[in-house]
Trainee: 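Supplied in structure tokens, the structure appears directly below.
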Amino acid sequence: MNTSSRRLFLKTSVAGAVFSSSGILAATVSAQTKKWDETFDVIVVGSGFAGLAAAIEAKKAGANVIVLEKMPTAGGNSIINGGILTATGCPQQKKHNIEDSKELLEKDILVAGNYMNDVKKVHQMVDRVLSTYEWTVNELGVEYLPDAIGQEGGHSVPRYVTTKIGSGAGIVNKQLDKCLELGIPIRLRTYVDKIIRTANGVEGVEVFEGYRFPKAGSGRHKSLKANKGVILCYGGFSADVPYRTIQDPKLNATLDTTNQPGATSELWRETSSIGCLQAQNDWIQCGPWGNPHEKGMGIGWQFNQTAAAEYGLWTNSAGKRFVNELANRKVRADAIMVEQANGRKCFAIADANGVKPFETQRPGMLNKHLERNLIFKYDTLDELAKAQGIDAEQLKQTVEEFNGYVKNKKDPVLGRYINNEQLPVETAPFYVGELQPKVHHTMGGLITDDKCMVLDVKTDKPIKGLYAAGEATGHVHGAVRLGSVAILDCLVFGRMAGENCAKS
């Protein structure tokens with residue numbers, strides 16, 4: 001074989017691949033020989049908050065769009081999300097006379113993220129916080145509770161709104177309605193097997209239609225071309241035990257996850273193989289408010305967070321507070337794991353006054369918690385302590401000290417923010433639920449530029465035709481994602497990715 005023939009062979013025949021000028025393996029199939037079964041302007045991978053937002057904006061910008069979803073139903077993790085959206089400046093905040101600002105929100109995100117965030121990304125997101133809330137209301141028709149405003153851990157003030165139905169479905173279903181109105185097809189059970197990257201950039205994807213999760217290779221193989229680009233909104237991998245354990249060995253199979261079963265790693269691996277830049281994949285968040293007496297996300301987290309963390313307190317089985325109940329998620333999850341390692345269980349406790357805001361935000365859910373034995377109700381703290389195996393005398397002393405902090409609106413021991421509307425924990429009946437961290441969210445992922453274009457691992461430059469948004473991307477949240485910011489992240493950058501891809 002002569003030199004020119006050898007060069008041609010390397011270009012077209014090494015595992016069917018070609019190489020870009022930077023030397024990176026750039027595709028699985030040569031662009032010159034690729035045959036496409038269907039062609040679109042924009043292909044969106046994933047049907048959660050980010051993917052649907054991207055599809056809507058791309059379609060509005062004039063593109064022919066399709067959304068691909070590997071599971072038999074749309075929505076991914078988004079549809080089972082808690083339905084809480086950071087909404088600084090919203091009417092609910094003003095109704096409760098809460099002083100807030102975009103600058104304070106940005107600071108909270110950076111502090112929680114240990115300043116491992118891309119400041120420019122955080123600023124892009126925060127700058128659109130109120131307009132994103134208004135977009136969901138005015139364009140999508142999302143309904144939020146008009147009187148409720150909540151505070152997740154790590155936030156300086158209450159600033160999240162809650163969908164009326166109490167889950168992310170309150171947004172996702174409205175996005176799906178909008179897609180139907182715009183004529184955007186959502187193709188379910190369509191597994192993206194390969195992303196076709198050539199020297200010209202990303203040109204499309206290879207899929208299996210009729211895929212049956214989790215059977216690899218099931219379905220009919222097809223090749224889909226994207227004239228303008230592919231937008232990756234495939235979410236995280238918290239349900240993929242082998243992959244998450246590679247990233248963080250302590251997140252092994254002994255820990256449950258809040259994620260739906262399809263939150264797996266295949267496209268994390270695929271984007272790595274085609275030369276996409278990724279970072280911070282080992283920063284994986286556990287939700288501290290999980291309940292060990294149910295599988296997955298469940299509902300127990302609602303009492304543990306909305307009632308006890310915001311209007312009650314958390315204690316260990318020794319009857320002592322062990323963490324700031326409104327610290328960020330990593331701080332709280334790590335604290336619970338330390339208690340468990342020392343043989344102590346952890347509990348969330350609230351009284352009759354503490355569950356009132358919970359009942360406002362989650363109508364009917366208190367009774368469901370009781371019916372499913374996720375929480376228990378007692379007439380006195382002595383009864384609660386005896387039933388749950390908590391030191392009764394220490395618990396009563398802890399509650400008395402905490403009530404003093406509530407009355408003074410200052411916690412000098414753990415620095416807990418005391419809500420202006422919080423009352424002392426002293427009115428029967430008393431409620432208690434157990435706490436168990438569950439693997440929840442991946443902070444790392446694909447690195448994108450200010451137009452949401454994915455960067456190349458060798459050159460740090462945008463890969464033509466490849467965009468990404470949502471949990472599949474990194475550098476937004478840094479070390480820790482604040483609760484209620486996930487939807488904001490997905491909607492802001494999903495919309496940006498869709499518009500930019502369509503106009504490329």
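If you read the sequence from its start, that first residue is 1, and numbering goes on from there. Side chains are part of it too, since the values below use all heavy atoms of this structure and drop only hydrogens, waters and symmetry mates.
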Trainee: Trp268 vs Phe237 aromatic rings, parallel, tilted or perpendicular, using cut-offs 30° and 60°?
Mentor: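 Perpendicular: the ring planes of Trp268 and Phe237 meet at over 60°.
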
Trainee: Considering residues at least two apart in sequence or located in another chain, which fulfil the side-chain hydrogen bond (donor to acceptor under 3.5 Å, both in side chains) criterion with Thr427?
Mentor: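 Testing Thr427 for side-chain hydrogen bond (donor to acceptor under 3.5 Å, both in side chains), a comparison that skips the adjacent residues, returns Asn353.
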
Trainee: Using the ring-ring contact (aromatic ring centres under 6.0 Å, His included) criterion, which residues pair with His441? Sequence neighbours excluded.
Mentor: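 Partners of His441 under the ring-ring contact (aromatic ring centres under 6.0 Å, His included) test: His477.
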
Trainee: Of all residues at least two apart in sequence or in a different chain, which pass the side-chain hydrogen bond (donor to acceptor under 3.5 Å, both in side chains) check with Tyr431?
Mentor: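 Tyr431 satisfies side-chain hydrogen bond (donor to acceptor under 3.5 Å, both in side chains) with no residue once adjacent residues are dropped.
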
Trainee: Could you verify whether a donor N or O on one side chain and an acceptor N or O on the other, from Ser272 and Gln278, lie under 3.5 Å apart?
Mentor: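 Yes, side-chain donor-acceptor contact under 3.5 Å.
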
Trainee: Quickly, which of Trp301, Phe303, Phe347 forms a ring-ring contact (aromatic ring centres under 6.0 Å, His included) with Trp289? Name it, please.
Mentor: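 Only one of Trp301, Phe303, Phe347 forms a ring-ring contact (aromatic ring centres under 6.0 Å, His included) with Trp289, namely Trp301.
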
Trainee: Check the pair Glu393, Gln397 against side-chain hydrogen bond (donor to acceptor under 3.5 Å, both in side chains), reporting the backbone distance first and the verdict last.
Mentor: CA-CA 6 Å; Glu393 293 306 313; Gln397 181 182 331; over 6 Å; no

Trainee: Checking the side chain of Asn342 only, and the main-chain atoms of Val338 only, is there a donor and an acceptor separated by less than 3.5 Å?
Mentor: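 Yes.
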
Trainee: Considering residues at least two apart in sequence or located in another chain, which fulfil the side-chain contact (heavy atoms from CB on, under 4.5 Å) criterion with Asn173?
Mentor: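 side-chain contact (heavy atoms from CB on, under 4.5 Å) check on Asn173 returns Ile79, Ala169, Leu176.
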
Trainee: Taking only residues two or more places apart in sequence, or in another chain, which ones meet Asp450 in a side-chain contact (heavy atoms from CB on, under 4.5 Å)?
Mentor: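 If we apply the side-chain contact (heavy atoms from CB on, under 4.5 Å) test to Asp450, skipping adjacent residues, the hits are Lys120, Gln124.
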
Trainee: Please examine the side chains of Tyr160 and His155, heavy atoms only from C-beta on, and report whether any two atoms are closer than 4.5 Å.
Mentor: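 Result no, sub-4.5 Å side-chain heavy-atom pair not found.
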
Trainee: Using only heavy-atom distances, determine whether the side chains of Ser238 and Thr257 contain a donor-acceptor pair under 3.5 Å.
Mentor: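 Note: Ser238 and Thr257 side chains miss the donor-acceptor criterion.
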
Trainee: Consider side-chain hydrogen bond (donor to acceptor under 3.5 Å, both in side chains). Of Thr264, Asp240, Asn77, which one does Asn259 pass it with?
Mentor: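 Answer after filtering Thr264, Asp240, Asn77: Asn77.
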
Trainee: To check you understand the geometry: which heavy-atom pair defines the closest contact between Leu110 and Val119, and what is its length?
Mentor: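 It is CD2-CG2, 4.2 Å.
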
Trainee: Using a 4.5 Å cut-off on heavy atoms from C-beta on, say whether the side chain of Pro158 contacts that of Asn419.
Mentor: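 Asn419 vs Pro158: side chains touch.
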
Trainee: Is there a side-chain contact between Ile299 and Leu374 (heavy atoms, below 4.5 Å)?
Mentor: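 Ile299 vs Leu374: side chains touch.
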
Trainee: Minimum heavy-atom separation for Thr315 and Leu313, please, with both atom names.
Mentor: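 Closest approach of Thr315 to Leu313: CG2-CD1, 3.8 Å.
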
Trainee: Please list, chain by chain and in numerical order, all residues satisfying ring-ring contact (aromatic ring centres under 6.0 Å, His included) with Tyr211, sequence neighbours excluded.
Mentor: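 ring-ring contact (aromatic ring centres under 6.0 Å, His included) list for Tyr211, sorted by chain: Tyr191.
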
Trainee: Test side-chain hydrogen bond (donor to acceptor under 3.5 Å, both in side chains) on Glu421 and His96; report intermediate values, then the result.
Mentor: CA-CA 9 Å; Glu421 299 174 0; His96 288 264; 2.8 Å; yes

Trainee: I want to check something: taking the side chain as every heavy atom from C-beta on, are Met496 and Arg128 in contact at a cut-off of under 4.5 Å?
Mentor: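 Yes; the side chains approach each other to less than 4.5 Å.
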
Trainee: Is a salt bridge present between Lys407 and Glu401, judged by a nitrogen-to-oxygen distance below 4.0 Å?
Mentor: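 Result for this pair is no, no salt bridge flagged.
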
Trainee: Using a 3.5 Å distance criterion without hydrogens, assess whether the side chain of Glu69 forms a donor-acceptor pair with backbone atoms of Met71.
Mentor: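 Between the backbone of Met71 and the side chain of Glu69 there is a qualifying donor-acceptor contact (under 3.5 Å).
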
Trainee: When you check the gap from the basic side-chain N to the acidic O, do Lys330 and Asp334 get nearer than 4.0 Å?
Mentor: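 Salt bridge flag = yes for Asp334 with Lys330.
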
Trainee: Side chains of Thr254 and Asn252: donor-acceptor distance under 3.5 Å anywhere?
Mentor: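 Per modelled atom types, Thr254 and Asn252 side chains form a pair under 3.5 Å.
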
Trainee: Only counting residues at least two apart or in another chain, list the ones meeting side-chain contact (heavy atoms from CB on, under 4.5 Å) with Ala216.
Mentor: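 side-chain contact (heavy atoms from CB on, under 4.5 Å) list for Ala216, sorted by chain: empty.
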
Trainee: Under the ring-ring contact (aromatic ring centres under 6.0 Å, His included) rule, collect the residues that match up with Phe493, sequence neighbours excluded.
Mentor: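 In terms of ring-ring contact (aromatic ring centres under 6.0 Å, His included), with neighbours along the sequence ignored, Phe493 is linked to no residue.
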
Trainee: Tell me every residue that passes side-chain hydrogen bond (donor to acceptor under 3.5 Å, both in side chains) with Thr473, counting only those two or more places apart in sequence or in another chain.
Mentor: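 Testing Thr473 for side-chain hydrogen bond (donor to acceptor under 3.5 Å, both in side chains), a comparison that skips the adjacent residues, returns none.
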
Trainee: Tell me every residue that passes ring-ring contact (aromatic ring centres under 6.0 Å, His included) with Trp314, counting only those two or more places apart in sequence or in another chain.
Mentor: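 Checked Trp314 against ring-ring contact (aromatic ring centres under 6.0 Å, His included); zero matches.
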
Trainee: Sub-3.5 Å donor-acceptor pair from the side chain of Asn117 to the main-chain atoms of Val476, do we have one?
Mentor: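 Judged by distance alone, yes, a pair lies under 3.5 Å.
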
Trainee: Can you list every ring-ring contact (aromatic ring centres under 6.0 Å, His included) pair that touches residues 365-386, not counting sequence neighbours?
Mentor: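 For residues 365-386, and leaving out neighbouring residues, the ring-ring contact (aromatic ring centres under 6.0 Å, His included) pairs sorted by first residue read Phe358-His369.
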
Trainee: Any heavy-atom pair between the side chains of Lys70 and Leu188 that's under 4.5 Å?
Mentor: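 Heavy-atom side-chain distance check fails, nothing below 4.5 Å.
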
Trainee: Applying side-chain hydrogen bond (donor to acceptor under 3.5 Å, both in side chains) to Thr442 and Glu471, what does each step give before you reach the verdict?
Mentor: CA-CA 7 Å; Thr442 54; Glu471 194 179 351; 3.1 Å; yes

Trainee: Any salt bridge between Asp256 and Lys295, counting N to O under 4.0 Å?
Mentor: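 No salt bridge links Asp256 with Lys295.
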
Trainee: So do Glu143 and Thr163 actually touch side chain to side chain, heavy atoms under 4.5 Å?
Mentor: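 Not in contact.
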
Trainee: Could you please spell out the steps behind the side-chain hydrogen bond (donor to acceptor under 3.5 Å, both in side chains) verdict for Thr162 and Gln361?
Mentor: CA-CA 7 Å; Thr162 307; Gln361 288 203 35; 2.9 Å; yes

Trainee: Do you know which two heavy atoms are closest between Ile231 and Ala497, and how far apart they sit?
Mentor: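 Scanning both residues completely, I find the closest heavy atoms to be CD1-O, 3.7 Å.
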
Trainee: Taking CD in Glu139 as the centre, count heavy atoms belonging to other residues, nucleotides or ligands within less than 6.0 Å. Is the count above 12?
Mentor: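 Enclosed.
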
Trainee: Would you please test Lys396 and Glu383 for salt bridge (charged side-chain N to carboxylate O under 4.0 Å, His left out) and show each step?
Mentor: CA-CA 11 Å; Lys396 288 187 290 185; Glu383 292 177 9; over 6 Å; no

Trainee: Where the side chain of Gln175 meets the backbone of Phe49, is there a donor-acceptor pair that is under 3.5 Å apart?
Mentor: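 Looks like yes, one N/O pair under 3.5 Å.
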
Trainee: For Pro357, is there any backbone N or O sitting under 3.5 Å from a side-chain donor or acceptor partner on Arg362?
Mentor: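 Answer holds: no.
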
Trainee: Could you check whether any side-chain heavy atom of Thr448 comes within less than 4.5 Å of a side-chain heavy atom of Leu455, counting everything from C-beta outward?
Mentor: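 With C-beta onward as the side chain, the pair stays apart.
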
Trainee: Is there a donor-acceptor contact under 3.5 Å linking the side chains of Tyr133 and Gln92?
Mentor: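 The answer is yes; a qualifying pair exists.
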
Trainee: Taking the side chain from Asp127 and the backbone from His123, do they hold a donor-acceptor pair closer than 3.5 Å?
Mentor: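 Absent.
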
Trainee: Test your reading of the model: is there a side-chain donor-acceptor pair from Asn403 to the backbone of Val425, 3.5 Å cut-off?
Mentor: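 Yes, because the side chain of Asn403 sits within donor-acceptor range (under 3.5 Å) of the backbone of Val425.
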
Trainee: Are Arg212 and Arg189 close enough, and set up right, to give a side-chain contact (heavy atoms from CB on, under 4.5 Å), and what steps lead you there?
Mentor: CA-CA 7 Å; Arg212 293 188 177 276; Arg189 292 178 55 205; 3.4 Å; yes

Trainee: Tell me, do Glu310 and Tyr417 make a side-chain contact under 4.5 Å, heavy atoms counted?
Mentor: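 Counting from C-beta outward, Glu310 and Tyr417 never come under 4.5 Å.
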
Trainee: Taking the basic N atoms (NZ, or NE/NH1/NH2) and the acidic carboxylate oxygens, is any pair closer than 4.0 Å for Asp489 and Arg481?
Mentor: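 Result for this pair is no, no salt bridge flagged.
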
Trainee: Tell me if a side-chain donor or acceptor on Thr398 pairs with a main-chain N or O of Gly319 at a distance below 3.5 Å.
Mentor: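 Checking the backbone N and O of Gly319 against the side chain of Thr398, a donor-acceptor pair under 3.5 Å is found.
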
Trainee: Does Asn304 use its side chain to pair, donor to acceptor, with the backbone of Glu434 at less than 3.5 Å?
Mentor: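 Yes, the answer is positive, given that a donor and an acceptor are paired below the 3.5 Å cut-off.
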
Trainee: Can you sort out the partners of Asp100 under side-chain hydrogen bond (donor to acceptor under 3.5 Å, both in side chains), two or more places apart, ordered by chain and number?
Mentor: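 Asp100 satisfies side-chain hydrogen bond (donor to acceptor under 3.5 Å, both in side chains) with Thr88, Gln93, Arg159 once adjacent residues are dropped.
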
Trainee: Flag yes if more than 12 heavy atoms outside Lys409 fall under 6.0 Å of its NZ atom; otherwise flag no.
Mentor: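 It does: Lys409 NZ has more than 12 such atoms within range.
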
